[in-house]
Amino acid sequence: MNKINVQLITGIFVVIGILSFSYLAITVAGASFVEQPGYNLSARFTSVSGLRPGAVVEGAGVRIGTVSSIEFDPESFEAIVELRINDGVLVQEDAIAAIRTQGIIGEKYIKIVPGGFEELLTDGMQIYETESAISLEELVSRYIFQTEG
Amino acid sequence: MTQETAIEIRDLVVEYGNRRILNSIDLDIPLGQISVIMGGSGAGKSTLLRSMLGLKKPTSGAIRMLGTDICTASPGQLQEFRKQMGVAFQGGALFTSMTVGENIQLPLRQHTRLDENTIQIMTRIKLDMVNMLPHEHLMPSELSGGMTKRAALARAIIMDPKLLFFDEPSAGLDPITSAELDELIIKLKQSMNMTIVVVTHELESVFKIADRIAILGDGGLILAGTPEEIRASDDPRVVGLLNRTPRQVNVDVDQHLRRLSGLQEASDKK
Amino acid sequence: MKTVESLGSSLLASLEQTGRTFLLLLIIAYRIVQPPYNLYPIVRQIYFIGARSLGVIVISGVTIGMVLGLQFYNTLERFGSVDILGSAVALSVLRELGPVMTALMVVGRAGSAICAELGIMRISEQVDALECMAINPDKFLVAPKLLAGIISVPLLTCVFSVVAIFGGYFVGVVLFGVSEGSYLNGMIDAVVWSDVRLGLVKSLIFGLLVTLICCSKGFYIHLTKSGSLGAEGVSYVTTDAVVISSIAVLFSDFLIGAIL
């Protein structure tokens with residue numbers, strides 16, 4: 001096996017490896033480390049059970065952003081969710097952020113329901129109207145409780 | 001005959017675990033001559049060689065080579081010293097993933113900054129000295145026993161060492177090839193003025209090449225001197241080695257029988 | 001009494017070997033930073049450990065991906081959630097199966113060869129010859145293999161994961177008719193950078209562990225009982241190296257999973 005051949009094949013191997021890595025990092029992992037153009041909004045929920053950072057933010061069923069972080073506020077006992085909304089998407093001041101589930105056991109995502117105000121939210125502002133995650137067990141137990149009572 | 005010493009061995013003791021292999025060896029190896037270390041199997045030849053190469057640390061004693069005591073030398077000093085030394089191992093120890101030429105060039109590439117042309121020329125000169133020039137591009141697995149030894153020799157002398165060690169040059173070779181190898185060793189001494197240490201148990205080649213002979217037996221030095229002195233010796237162990245008489249083992253017949261029949265342990269326990 | 005004794009001595013021997021292996025790592029780390037730097041031996045080893053393993057990695061990757069696609073499809077279908085097939089395949093490949101399977105493949109294909117090569121070099125005096133030529137055998141023989149392992153295994157893992165994802169795609173989308181969008185976009189939505197990073201960290205550690213254990217086993221053959229057995233001894237240490245490095249991969253997989 002001569003030298004040039006070894007180097008050529010090794011080079012091809014390394015290129016294939018790096019291409020695979022780029023595919024995984026950029027396409028599959030959604031390049032969460034590359035900042036997409038957009039602005040940040042926050043929202044407070046009484047429960048975000050099941051929601052993960054990286055989850056989708058949808059408007060009218062279309063992806064308009066992602067959840068960048070979820071933190072717990074010990075004073076109000078609420079969850080503060082940071083949203084990254086794509087540039088060009090306008091969110092009104094009275095828009096509603098609701099946590100929903102895809103199917104019965106599917107992923108949790110945030111649905112933005114547009115409001116009627118003319119004032120728009122800008123970078124760093126908060127969505128006040130929120131609907132927390134609906135827990136299936138809670139619904140079921142409430143139903144049972146009501147029929148008994 | 002100049003009597004400058006190249007290697008001075010003083011009170012050398014080497015042990016493997018609790019087993020003492022070499023017991024207080026004192027030996028001088030003169031500069032610019034061929035010294036042969038001989039002895040029967042298990043006499044400690046290889047251990048002495050490994051100690052001289054710095055591969056086996058002795059328990060006590062000193063080995064001064066060209067002025068450096070390799071037993072107390074720092075790794076850096078040892079490294080520097082080894083650049084003046086060449087070793088041809090018994091099995092050749094050629095690197096199987098490289099061609100003969102690449103094997104021989106390796107020390108040059110590692111230790112010098114010579115340009116490619118010079119390296120190629122030097123490789124060919126050394127290959128020519130050992131009559132291996134046509135075989136530069138063969139792999140070690142394609143070589144015969146004699147060719148392997150000659151290639152190993154070429155690698156050992158590529159850096160023009162002052163000291164050359166040769167472990168069992170004629171082991172496993174037919175008489176003609178081994179005679180050619182002896183010629184080669186003598187040629188090397190004459191043309192390159194090297195100090196050569198050969199470890200062997202082949203009597204024929206010993207008296208052909210040796211300027212000095214050291215005979216080891218049972219971990220000690222029996223005799224060291226010129227070939228004439230060795231021939232004239234009346235030490236029974238030297239005579240036995242030269243005449244190839246089997247070692248006489250004095251055994252008590254009764255005890256031997258008991259040991260064979262396994263009764264010894266039983267009688268010991270009583 | 002005899003069994004207790006032999007148990008004790010083999011325990012001591014394995015402790016000794018563990019110590020030697022980690023010392024070798026320290027020695028190599030020290031040697032790597034010392035000049036001279038020579039890149040070609042590393043390229044050669046990447047060729048051997050990485051490039052030559054590419055075929056087996058692609059084949060096993062496709063197979064694993066197809067098996068996962070099949071199994072997850074059958075399970076998810078019962079809950080009517082075949083939409084998450086893509087993310088299920090991708091997550092299990094990226095976080096667990098990719099790094100582990102790749103490391104095990106490298107053990108079998110390259111690790112055993114590394115161990116046998118070093119073992120043979122040791123018993124045929126080639127290592128001694130290097131030392132006598134004032135060439136440091138740690139740096140000349142072991143360091144390129146170790147570096148190549150650390151570089152090659154993560155790259156192979158990435159290739160494995162990508163190929164496995166498309167193996168799952170083939171079974172799910174092409175054979176069973178899951179929609180292409182839900183497979184690919186579901187995967188993209190579910191996988192985050194930390195999943196890829198976990199797989200990468202694992203494969204780095206596996207690459208180091210596998211090459212280190214295989215090198216140490218072969219390189220230090222003369223210090224073990226097998227050292228005096230010649231070719232038979234090499235076969236013993238090679239078997240040992242494969243078994244120990246496979247177990248080390250599985251066990252450290254659990255440890256890393258637990259810590260990260």
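Letters go in sequence order (proteins before strands), and every chain restarts at 1.
Of all heavy-atom pairs spanning C:A51 and A:I9, the tightest one is CB-CG2, 3.9 Å. Minimum heavy-atom separation, A:V6 to C:R44: CG1-CA, 4.2 Å. Nearest heavy-atom pair, A:L24 versus C:S161, reported as atom, atom and distance to 0.1 Å: CD1-CB, 3.9 Å. Contact detail for A:G17 and C:C158: the closest heavy-atom pair is O-CB, 4.0 Å.
With a 4.5 angstrom heavy-atom cutoff, C:V43 touches chain A via backbone and side-chain atoms both. Contacts between A:I12 and chain C at a heavy-atom distance below 4.5 Å are absent for every atom of the residue.
Chain A is approached within less than 4.5 Å, heavy atom to heavy atom, by C:L94 from residues 85-118 of chain C, ordered by number. Proximity to chain A at a heavy-atom threshold of 4.5 Å picks out C:I165, C:F166 from residues 165-178 of chain C, in numerical order.
The local environment of CD in A:E71 is sparse, with at most 12 non-hydrogen atoms from other residues, nucleotides or ligands closer than 6.0 Å. Applying the 6.0 Å contact sphere to CZ of A:F72 captures more than 12 heavy atoms from other residues, nucleotides or ligands.
Side-chain contact between C:V159 and A:F21: absent, with no pair of heavy atoms (C-beta onward) separated by less than 4.5 Å. The closest side-chain heavy-atom distance from C:L155 to A:V14 is below 4.5 Å. At a threshold of 4.5 Å between non-hydrogen side-chain atoms, the residues C:Y47 and A:Q7 do not count as touching.
Between C:I57 atom CD1 and A:S20 atom OG the span is 11.5 Å, to the nearest 0.5 Å.
For the pair A:R52 (side chain) and C:A190 (backbone), a donor-acceptor distance under 3.5 Å is present.
Your options are A:Y23, A:F13, A:Y109, and the one with the most heavy-atom pairs under 4.5 Å with chain C is A:F13.
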